[in-house]
Amino acid sequence: MKMSKTCQRLNNKLLTVLAQINEEAKKLNGFSHVSHTVQFDYFPSSLLVLCHFDDEQGLHVAQENHTEIQLQKLLHKLLLKKGIVLKDPKINLKLKGPNSTDL
């Protein structure tokens, strides 16, 4: 199914922000990549950004340093600059280790 022009514009904004989040997260030890899921019918509340780590140690260090909160704030700030308001960024970005099964 083809995306509407509105969804395409939102997707382009989102991908730009995710690239910036990815660049920031690359500074973390053990960081692997960023992935996301979204349903544009329920956007932005349906957005889930996952920051993946290769090892549990890197994930643990990131959690101890409150990196998740920092990345959530960055996601909120960058999307706000694009005109997209997140109600609660805590539910929109999570850190994920290599053995995590939850989304």
Side-chain angles (χ1 to χ4, degrees):
M1 188 168 127
K2 188 176 177 183
M3 288 173 96
S4 70
K5 289 187 180 198
T6 302
C7 288
Q8 287 175 352
R9 281 193 297 272
L10 284 173
N11 193 48
N12 289 340
K13 290 178 182 181
L14 179 60
L15 292 177
T16 301
V17 167
L18 291 177
Q20 292 174 290
I21 295 287
N22 190 54
E23 286 304 311
E24 187 65 29
K26 280 182 182 178
K27 299 173 186 174
L28 304 171
N29 287 334
F31 173 75
S32 172
H33 64 281
V34 169
S35 66
H36 76 285
T37 59
V38 66
Q39 290 180 310
F40 285 107
D41 292 343
Y42 305 104
F43 186 78
S45 62
S46 67
L47 175 64
L48 177 59
V49 178
L50 296 173
C51 295
H52 297 268
F53 285 79
D54 287 332
D55 56 58
E56 290 294 331
Q57 182 180 1
L59 175 63
H60 184 67
V61 169
Q63 289 171 333
E64 283 183 348
N65 293 333
H66 306 288
T67 303
E68 186 173 52
I69 294 168
Q70 294 167 354
L71 290 173
Q72 289 166 345
K73 287 180 180 180
L74 180 62
L75 177 67
H76 179 71
K77 178 180 148 186
L78 293 172
L79 285 175
L80 192 58
K81 284 183 179 180
K82 300 283 186 183
I84 300 167
V85 179
L86 296 178
K87 288 183 182 177
D88 186 9
K90 293 176 193 162
I91 62 170
N92 296 105
L93 187 140
K94 301 288 182 193
L95 302 182
K96 185 170 172 139
N99 298 323
S100 301
T101 56
D102 61 316
L103 281 178

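Small disclaimer: the values here were computed from a predicted structure and weren't measured.
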*Has Gln8 got more than 12 heavy atoms of other residues, nucleotides or ligands less than 6.0 Å from its CD?*
yes

*Assess whether atom NE2 of His33 is packed by more than 12 heavy atoms of other residues, nucleotides or ligands within 6.0 Å.*
yes

*Can any side-chain N or O of Gln39 pair as donor or acceptor with the backbone N or O of Ser46 at less than 3.5 Å?*
no

*Say whether, by atom type as modelled, one donor and one acceptor occur between the side chain of Asn65 and the main chain of Val61 under 3.5 angstrom.*
yes

*Do Thr6 and Phe40 come close enough that some side-chain heavy atom pair is under 4.5 Å?*
no

Spacing of [atom1] belonging to [X] relative to [atom2] belonging to [Y], to within rounding of 0.5 Å:
| X | Y | atom1 | atom2 | result |
| --- | --- | --- | --- | --- |
| Leu78 | Leu14 | CG | CG | 11.0 Å |
| Gln20 | Thr16 | CD | OG1 | 7.0 Å |
| Leu71 | Ile21 | CG | CD1 | 6.0 Å |
| Glu23 | Leu74 | CD | CG | 11.5 Å |
| Leu80 | Leu75 | CG | CG | 11.0 Å |
| Asp41 | Cys7 | CG | SG | 7.0 Å |

Taking all atoms of both residues into account, what is the closest heavy-atom pair of [X] and [Y], and its distance?
| X | Y | value |
| --- | --- | --- |
| His36 | Leu15 | CE1-CD2, 3.9 Å |
| Val38 | Phe43 | CG2-CD1, 3.3 Å |
| Ala62 | Leu95 | CB-CD1, 4.0 Å |
| Cys51 | Phe31 | CB-CE1, 4.0 Å |

Output a table of donor-acceptor pairs, distance under 3.5 Å, between side-chain atoms of residues 81-93 and any protein atom two or more places apart or on a different chain; print 'none' if there are none.
{"residue": "Asp88", "atom": "OD1", "partner": "Lys90", "partner atom": "N", "Å": "3.4"}
{"residue": "Asn92", "atom": "ND2", "partner": "Pro44", "partner atom": "O", "Å": "3.3"}
{"residue": "Asn92", "atom": "ND2", "partner": "Leu47", "partner atom": "O", "Å": "2.8"}

_Exercise: do Gln72 and His76 side chains pair donor with acceptor under 3.5 Å_ = no

